[in-house]
Amino acid sequence: MFVDSHCHINFPELAQNLDEILAKMRRNQVGHALVVSVNMDDWPGLMDLVRPHPHLFASVGVHPDYEDVVEPTVQDLLDRAADPKVVAIGETGLDYYRLQEPLDWQRARFRTHIRASRESGLPLIIHTRSASQDTLAIMAEEDAALAGGVMHCFTESWEVAQAAMAMNFYISFSGIVTFKSAAELQDVARKVPLDRLLIETDSPYLAPVPFRGKMNDPSLVVHVAEKIAELKGISVKEVEEASTENFFNLFKKVLA
C-alpha cells in the first residue's frame with residue numbers, strides 16, 4: 001500500500017467530498033494519510049475529521065505563513081499531542097517567500113515547535129521556503145536531531161537535503177517532482193536514499209502530472225511514487241514499500 005505522508009483533506013474544498021476522497025484512496029491502494037495541522041483554531045475540526053477513520057492521523061501545529069493567529073505555547077502543543085490520533089508536531093518552519101522581515105515571531109514559533117517535539121517524542125514536520133539556511137541553523141541550535149522528522153514538500157538543493165538527513169530527517173517529495181520545470185529537484189530525488197524518502201500530496205495543492213492544475217487529493221500520491229521510480233530506475237513497488245516502511249518508522253505512534 002501507499003501512504004500520503006502530508007495532506008490537508010480537512011480544508012473545505014476536500015472535506016465536503018470526504019467520502020469520495022476515501023473511496024479514491026481505496027481504489028489506488030493508499031492505505032494511510034497524515035492530515036497536517038496549519039493553525040490552532042481549525043485543529044478541533046481536523047480532529048473531528050480523522051477520529052472516525054482508523055487509517056487517518058493528525059498533527060498539531062501552526063504553519064509559518066499564518067501571521068495573526070493564536071500562538072501556541074510548548075504546553076499547548078504537548079496537551080494536544082497527547083491525543084492518540086496525533087502522531088507529529090507541525091507543520092512548522094520558516095517561510096521567507098511571502099512575508100517580509102521582521103520575522104522574529106516566525107523564528108520564535110519554529111523554536112517552540114521544536115521544543116514541543118523534543119518533549120513529546122513526536123517527529124517534526126518542517127516547511128521551509130526561501131529560508132533554508134536559517135531553517136537548518138535553528139534546527140541545529142534547538143537540537144531538532146533529537147526529535148527527527150521530515151522536510152515536507154522538499155524543493156531545496158541536494159546540500160540542504162544532506163544537512164537535513166544528517167540531523168535525522170527524512171525528505172518528502174510532492175507532485176512538484178513530476179513537473180517538467182523541476183529538473184534540479186528531480187536530481188535530488190535520484191540521490192536521496194530509499195530509506196530516507198517519503199511521498200506526499202500536500203493536497204489540495206500541487207497535483208502531480210498528469211493532473212497538474214486540478215484539485216489534488218491523497219489518491220494521487222501514486223503518481224509521485226511512479227515518478228520517483230522512473231528517476232531512480234527502479235520499480236514502483238520498491239518505492240511503495242520503502243516509503244511506506246519509512247512512514248511507519250518515523251511516525252511510530254501510528255502503530256501504537
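Index from 1, following the sequence. This is a predicted model, so every value here is computed, not measured.
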Sole residue of L136, L99, I138 in side-chain contact (heavy atoms from CB on, under 4.5 Å) with L94: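 By the side-chain contact (heavy atoms from CB on, under 4.5 Å) criterion, L94 pairs with just one of L136, L99, I138: I138.
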[Y] versus [X], side-chain donor and acceptor atoms under 3.5 Å:
X: E91; Y: H113; result: no
X: D4; Y: H32; result: no
X: N39; Y: D42; result: yes
X: S174; Y: E200; result: no
X: D76; Y: T73; result: yes

Is there a path of hydrophobic side-chain contacts, each under 4.5 Å between heavy atoms, that joins L78 and V62?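 Cluster IDs for L78 and V62 differ.
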Does L220 share a hydrophobic cluster with M215, counting links as ILVMFWY side-chain heavy atoms below 4.5 Å and allowing steps through other members?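 In one cluster with L220: M215, no.
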Once the angle between the rings of H53 and H55 is folded into 0 to 90°, is it parallel (under 30°), tilted (30 to 60°) or perpendicular (over 60°)?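 Perpendicular.
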For D95, which of H63, Q106, H127 qualifies under side-chain hydrogen bond (donor to acceptor under 3.5 Å, both in side chains)?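 Exactly one pass, corresponding to H127.
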Row check, Y96 ring normal vs R129 NZ/CZ: under 6.0 Å, within 45°: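 R129 over Y96 ring: no.
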Starting from the C-alpha separation in whole Å, work towards a yes-or-no answer on salt bridge (Lys or Arg N to Asp or Glu O under 4.0 Å) for R118 and D143. CA-CA 8 Å; R118 291 202 325 263; D143 292 323; 5.3 Å; no
Side chains of V35 and F57: does their closest heavy-atom pair fall under 4.5 Å?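 Result no, sub-4.5 Å side-chain heavy-atom pair not found.
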